[in-house]
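Quick note: numbers below take in every heavy atom, side chains included, and nothing from hydrogens, waters or symmetry partners. Just so it is clear, the model here is predicted, and its values are computed rather than measured.
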Amino acid sequence: MKAKKVLEVAAIENGTVLDHLPSEKVLKIVEILALHQESRITLGMNLESKKQGKKGIIKIEGRDLTEEEMNKIAILAPEVTVNQIKNYGVIKKKKIVLREIEPNTLRCNNPNCITNAESVATKFHILDKKPLKMRCYFCERSIEKEEMIFL
């Protein structure tokens with residue numbers, strides 16, 4: 001007898017689904033995208049995954065993400081799959097790719113950096129993507145993924 005497939009998180013009619021998130025990153029992504037202010041979101045954490053063992057999922061009803069938002073997600077979780085949903089079906093599926101760090105996305109952790117003293121937009125160069133390592137354009141301090149502070 002074939003096992004019945006049961007959805008652990010309810011389907012959405014229209015919107016965006018972020019799948020294959022590391023469970024520990026789900027709440028941080030909700031925070032940096034300010035999704036708690038959105039109309040309706042569904043979160044799943046520690047769900048079974050054949051590839052990851054455990055995964056997280058975020059379903060956002062009635063909204064598509066901008067490239068800037070997807071880039072922020074890529075900084076935190078570069079293995080995410082983004083599904084665009086229409087009438088309960090996936091119409092577009094893609095993997096997020098980190099291309100660059102947009103200005104004013106992250107704060108430099110050097111207290112003496114000009115970006116922390118004056119009204120100057122932060123800017124970072126990506127040194128390595130795995131593991132993620134960046135360098136501040138202004139003070140040249142290196143920052144690793146664990147040290148990041150989102151603006």
Side-chain angles (χ1 to χ4, degrees), residues 7-47 49 51-52 54-110 113-151:
L7 291 176
E8 292 183 290
V9 181
I12 60 172
E13 184 176 356
N14 297 302
T16 303
V17 175
L18 302 172
D19 199 5
H20 302 108
L21 294 165
S23 286
E24 68 276 7
K25 304 290 184 191
V26 169
L27 296 178
K28 186 67 179 174
I29 290 171
V30 168
E31 179 188 329
I32 64 169
L33 297 180
L35 294 176
H36 58 284
Q37 299 170 358
E38 295 293 324
S39 56
R40 190 164 78 184
I41 60 172
T42 306
L43 307 178
M45 296 169 65
N46 298 321
L47 304 172
S49 168
K51 287 188 340 190
Q52 297 171 262
K54 300 274 184 186
K55 71 173 185 176
I57 192 168
I58 301 174
K59 295 184 174 190
I60 309 161
E61 182 75 45
R63 183 167 178 249
D64 294 326
L65 296 178
T66 65
E67 286 295 321
E68 182 181 330
E69 290 172 322
M70 286 195 270
N71 210 28
K72 283 182 178 180
I73 295 167
I75 294 169
L76 277 175
E79 305 297 324
V80 173
T81 304
V82 179
N83 299 308
Q84 195 172 8
I85 309 296
K86 286 270 190 231
N87 297 321
Y88 296 101
V90 177
I91 60 165
K92 191 174 180 183
K93 184 179 228 176
K94 71 177 185 179
K95 287 276 187 194
I96 289 181
V97 177
L98 178 60
R99 287 181 239 127
E100 64 181 324
I101 309 291
E102 299 281 333
N104 274 339
T105 300
L106 300 172
R107 173 182 291 160
C108 181
N109 61 5
N110 177 3
C113 181
I114 190 169
T115 60
N116 288 317
E118 296 181 21
S119 180
V120 177
T122 62
K123 189 175 176 181
F124 291 90
H125 298 291
I126 298 172
L127 299 175
D128 202 350
K129 287 187 177 181
K130 283 193 173 185
L132 184 59
K133 191 172 183 177
M134 301 153 287
R135 177 176 287 146
C136 176
Y137 175 81
F138 296 99
C139 70
E140 298 188 351
R141 178 174 281 191
S142 293
I143 298 174
E144 296 185 12
K145 192 173 186 176
E146 298 77 29
E147 303 170 304
M148 293 185 308
I149 302 168
F150 282 85
L151 292 174

Among Ile41, Thr42, Leu18, Asp19, whose side chain to side chain contact (heavy atoms under 4.5 Å, CB included) with Lys59 holds?
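Option passing the side chain to side chain contact (heavy atoms under 4.5 Å, CB included) with Lys59: Thr42.
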Step by step, work out the side-chain contact (heavy atoms from CB on, under 4.5 Å) result for Thr122 and Leu151.
CA-CA 9 Å; Thr122 62; Leu151 292 174; 3.9 Å; yes
With rounding to the nearest 0.5 Å, note down the distance linking [atom1] in [X] to [atom2] in [Y].
X      : Y      : atom1 : atom2 : result
Asn46  : Glu24  : CG    : CD    : 8.5 Å
Ile126 : Ile101 : CD1   : CD1   : 4.5 Å
Met45  : Leu21  : CE    : CG    : 10.0 Å
Cys108 : Ile143 : SG    : CD1   : 4.5 Å
Ile29  : Phe150 : CD1   : CZ    : 8.5 Å
Arg107 : Asn116 : CZ    : CG    : 6.0 Å

Close side-chain approach of [X] to [Y], heavy-atom, < 4.5 Å:
X      : Y      : answer
Leu35  : Arg63  : yes
Lys51  : Glu79  : no
Ile73  : Leu65  : yes
Glu144 : Pro131 : no
Leu27  : Leu43  : yes
Lys86  : Asn14  : yes
Met148 : Leu76  : yes
Cys136 : Asn110 : no

Would the distance check show the side chain of Thr16 and the main-chain N or O of Ile60 forming a donor-acceptor pair, the cut-off being under 3.5 Å?
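Not a single qualifying donor-acceptor pair exists.
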Lys95 atom NZ: more than 12 heavy-atom contacts under 6.0 Å:
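Enclosed: over 12 neighbouring heavy atoms sit under 6.0 Å from NZ of Lys95.
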N-O pairing of Lys28 and Glu31 below 4.0 Å
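Yes, this pair counts.
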